[in-house]
Amino acid sequence: MLIQEKINKAYRAVFILSLAYTITAALSFVFPPKQFEYSTVLYDKNGLLLGASTSVDGQWHFENSKVPEKFEKSILNYEDSRFYFHFGIDPIALARAFVQNKKAGKIVSGGSTLTMQTARILLGNKKRTYLQKLYEIFVATCIEMKYSKKQIISIYASSAPFGGNVIGLEAASWRYYNRPSDSLSWAEYATLAVLPNQPSLIRPGKNKEILLEKRNRLLWKLCTKKIIDLETYKTSILEELPGKPYQLPSLAPHYLEELKKKKQNKGMTIFKSTLDYTIQDNANRITGEWSKNFKLLGIENASILVINTKTKEPLAYVGNTTSSVNMVEALRSSGSLLKPFLYAAMIDNGMLLPKQIVYDVPTRIGNYSPKNNINNYSGAIPADQALTRSLNIPAVRELKKYGITQFLSLLSKYGITTLKRNADYYGLPLILGGGEIKMKEIAGAYADLMNKACGRKTNIPINEGSAWTVCNVLSDGVRPMDLENWLIYSRRKKIAWKTGTSSGNRDAWCIGTTPEYTVAAWVGNSSGIGNKMLTSATTAAPLMFEVFSILPQTTWPSRPEMEFEEIETCEQSGYAASPYCSSVKKSLKPVGIPQTENCPYCNSYTFTPDGKFLASVEDMINEYEGYMPKSENRFVLPPYVEYWFKKQNLHYKSLPPFIEWHRESSENNIHIEFPQENSEIIVPVELGGKKGSVIFEAAVKKSGAILYWDIDGNYLGCTEKEHKMAVSPNPGLHTLTLSDTSGSIKKRQFKVLEE
């Protein structure tokens, strides 16, 4: 009977304990812990702190992180040495506290375990009463049911107060020591371990003597327990206490804010980025220094983005030097930055060879008349030089040939998402900055061009050889005089780079790329105000090159020999050689690309024996019986191109005129640049309602020729040297007639529309 009673008592005890455990366990899941507001924290790729923002409630409170072993030993020896041996409450500590409070007549000791302190924090640090203490004991038991000992320490370490508006070990480590919590000394861990006990009384900078005494007492305790040796104790007590809290780093504030905005990051408070602390710090310094100079010129803002070319992940992100406006994400005019992609596409489609000449002459297409950045024309210039000199007119003419719709589609494959309207909206000015882009997207596009040149996988639809050709041209091309200094610099570290200045001098760009790094620089006013001093050569280019100078050494992709084939090209035109090209050379073109047309400028011509006149066989028979004209292959440009080409190329030989009795049409000696045949034009109305005028333009083959202008039989006047005429014809069909002193005549029909 006695045995049976003992068994029954045991069963009852087990039942009661099981019931208590079940209820407590259930309550542990029902009990809602305090929802903390955390700071948003940004780390670099190696875990170094780049920046943080306070939580919504104004606290520096970093979310839970791993608790260093040294801090764990320090906090347990100061607050709860029997932590691993109790179940949330320590009866010995409670009894001691009860006696102390009884003697004092008030609460002077709580006897709280670390778990009870955690419960108190989770309950909102309410006023201390015996009833509240009982509730904290109950909650502490729930916490022990729900979490492991390591988890409880982690919760405490990340939510305990460390003085002022500093919450949690990690925030305290950065605020007081300017280092991560896993890099502190024993003295520093001991200091932080004693702070949560009385954070308002002994935080750094307040009651230094009390804080020092508490820290050293803890260090001695660690020494007596042989957690640290005597030598460590002696050196630790000599360490200075922290002074005024450090300002937390703010190396990439725009990037941090951008991460917080993204939908996929909603609720996140810790960001481990791909940024590199050293590169970011240097980029900030360089951009800041240059910005001081720009401000003297009335230029307020600058931005830098450095990305890993292969992955396109950011390594440095300077959204703006003096404003909260993030220029990495802002929509800005592209200037000339899109030109390399058009050049690459035309090579890849067989519409252009790298050194094929393109026209650089006064041009009017409809009512659009593009201008170069300098008031000069080359007539004809190799396409690679037109690109690196950033000539506008060749780019516009080539875009017309390639097609705006097709080009917009191509840019979308490069990752440009901002050009959402159709070809009619942008028109040909698109290639000169008529559309808006984002820095992060255009930098990625340049990186993809280099990735393709390196044989890496990308989504861009061009041949590896075409991409390599463009990158090589951009690395070593002929530049305008104001960019020659930067060309010399780029040869020290080979970089494919392009500048761009938007209309009205509102945006100055420079982007450079290598197989390792792509750097984009923008300088301007985020307000959009233009400044005549804002040019790429004096602002964005030097900024970009200095950022490149602090990056590790870069490489350059070898020419992919299997991606090229050898062809013969005309040495003068750059086209595939024709039978009439007198000077040819071996050139490379991307393999598999359709063959471009043969040189249209080299032909066979017949001259009088002395070479002074063009003459046909019939001309010679009539006057020089027994003599035959001599034949010669010559490179000859159209008259309106030749006029400008001769000014830059003194070696160029124009064709002589036909012998005087030659009666073949000489119409080709005159070229009407505007209006085009059967074009429809509008004569503008000036302010006040007065009828305005349009400018007709022409070019002649013969230098010094005088042109006579006539519309519908009405003589308008004559021009010499520069052949332009302001006219105001009425609505309707008209015929323009031009003639020169040699008898050459050219006619052009056009229509004037009603306003």
>> Donor-acceptor pair, distance only, cut-off 3.5 Å: does the side chain of Ser323 make one with the backbone of Asn320?
In response: no
> In a check of side-chain contact (heavy atoms from CB on, under 4.5 Å) between Phe71 and each of Leu169, Leu184, Asp182, Ile153, which one passes?
Replying inline: Leu169
>> Rounded at 0.5 Å granularity, tell me how far CZ in Phe271 sits from CD in Glu258.
In response: 11.0 Å
>> Taking CG in Asn459 as the centre, count heavy atoms belonging to other residues, nucleotides or ligands within less than 6.0 Å. Is the count above 12?
In response: no
>> My understanding is that only residues two or more places apart in sequence, or in another chain, count here; which of them pass ring-ring contact (aromatic ring centres under 6.0 Å, His included) with Phe83?
In response: His86
> Run the side-chain contact (heavy atoms from CB on, under 4.5 Å) check on Ser273 and Leu50 step by step: do they pass?
Replying inline: CA-CA 9 Å; Ser273 71; Leu50 290 170; 3.9 Å; yes
>> What verdict does the side-chain contact (heavy atoms from CB on, under 4.5 Å) test give for Cys454 and Met450, after you've listed the backbone C-alpha separation in whole Å, the side-chain angles of each residue and the deciding distance to 0.1 Å?
In response: CA-CA 6 Å; Cys454 294; Met450 178 57 74; 3.9 Å; yes
> Who passes side-chain contact (heavy atoms from CB on, under 4.5 Å) against Lys70, sequence neighbours left out?
Replying inline: Trp186, Tyr189
> Hey, is the main chain of Thr232 close enough, under 3.5 Å, to the side chain of Asp229 for a donor-acceptor pair?
Replying inline: yes
> Within a radius of less than 6.0 Å around NZ of Lys310, do more than 12 heavy atoms belonging to other residues, nucleotides or ligands occur?
Replying inline: no
> Are more than 12 heavy atoms from other residues, nucleotides or ligands located less than 6.0 Å from atom NZ of Lys73?
Replying inline: no
>> Quick check against the 3.5 Å criterion: does Arg175 have a side-chain atom that pairs as donor or acceptor with the backbone of Ile167?
In response: no
>> Quick check against the 3.5 Å criterion: does Ser39 have a side-chain atom that pairs as donor or acceptor with the backbone of Val41?
In response: no
> Considering all heavy atoms of both residues, which atom of Ala140 and which atom of Gly88 are nearest to each other, and what is their separation?
Replying inline: CB-O, 3.8 Å
>> Phe548: which residues meet the ring-ring contact (aromatic ring centres under 6.0 Å, His included) condition with it, sequence neighbours left out?
In response: none
> What are the two closest heavy atoms between Ser55 and Glu37, and how far apart are they?
Replying inline: CB-O, 3.2 Å
> Can any side-chain N or O of Asn282 pair as donor or acceptor with the backbone N or O of Thr278 at less than 3.5 Å?
Replying inline: yes
>> Quick one: does any side-chain atom of Thr322 pair with a main-chain N or O of Asn301 as donor and acceptor, under 3.5 Å?
In response: no
> Can you pull the salt bridge (charged side-chain N to carboxylate O under 4.0 Å, His left out) pairs that have at least one residue in residues 183-197, sequence neighbours excluded?
Replying inline: Arg179-Glu188
> Are the charged groups of Arg217 and Glu213 less than 4.0 angstrom apart, N to O?
Replying inline: yes
> Is there a side-chain contact (heavy atoms from CB on, under 4.5 Å) between Leu551 and Val519 once you walk through the steps?
Replying inline: CA-CA 10 Å; Leu551 297 176; Val519 179; 3.9 Å; yes
> Under 3.5 Å, is there a donor-acceptor pair between the side chain of Ser250 and the main chain of Pro253?
Replying inline: no
>> For a 4.5 angstrom cut-off between non-hydrogen side-chain atoms, does Lys149 reach Glu144?
In response: yes
> NZ of Lys226: more than 12 outside heavy atoms within 6.0 angstrom?
Replying inline: no
> Of all residues at least two apart in sequence or in a different chain, which pass the ring-ring contact (aromatic ring centres under 6.0 Å, His included) check with Tyr255?
Replying inline: Tyr317
>> Could you check whether Lys260 pairs with Glu257 (Lys NZ or Arg NE/NH1/NH2 to Asp/Glu carboxylate O, under 4.0 Å)?
In response: yes
> Taking only residues two or more places apart in sequence or in another chain, which ones pass salt bridge (Lys or Arg N to Asp or Glu O under 4.0 Å) with Arg332?
Replying inline: Asp507
> With no hydrogens and no angle check, is any side-chain donor or acceptor of Glu63 less than 3.5 Å from a backbone partner on Ile270?
Replying inline: no
> Does the ring center of Tyr233 lie less than 6.0 Å from the ring center of Trp220?
Replying inline: yes
>> Treating Gln280 as the side-chain partner and Leu275 as the backbone partner, does any N or O pair qualify as donor plus acceptor under 3.5 Å?
In response: no
>> Are more than 12 heavy atoms, taken from residues, nucleotides or ligands other than Lys225, located less than 6.0 Å from that residue's NZ atom?
In response: yes
>> What verdict does the side-chain contact (heavy atoms from CB on, under 4.5 Å) test give for Leu449 and Thr513, after you've listed the backbone C-alpha separation in whole Å, the side-chain angles of each residue and the deciding distance to 0.1 Å?
In response: CA-CA 9 Å; Leu449 196 62; Thr513 183; over 6 Å; no
> In this structure, are over 12 heavy atoms from other groups packed under 6.0 Å from Tyr84 atom OH?
Replying inline: yes
> Quick one: does Lys221's side chain have a donor or acceptor within less than 3.5 Å of a partner on Asn77's backbone?
Replying inline: yes
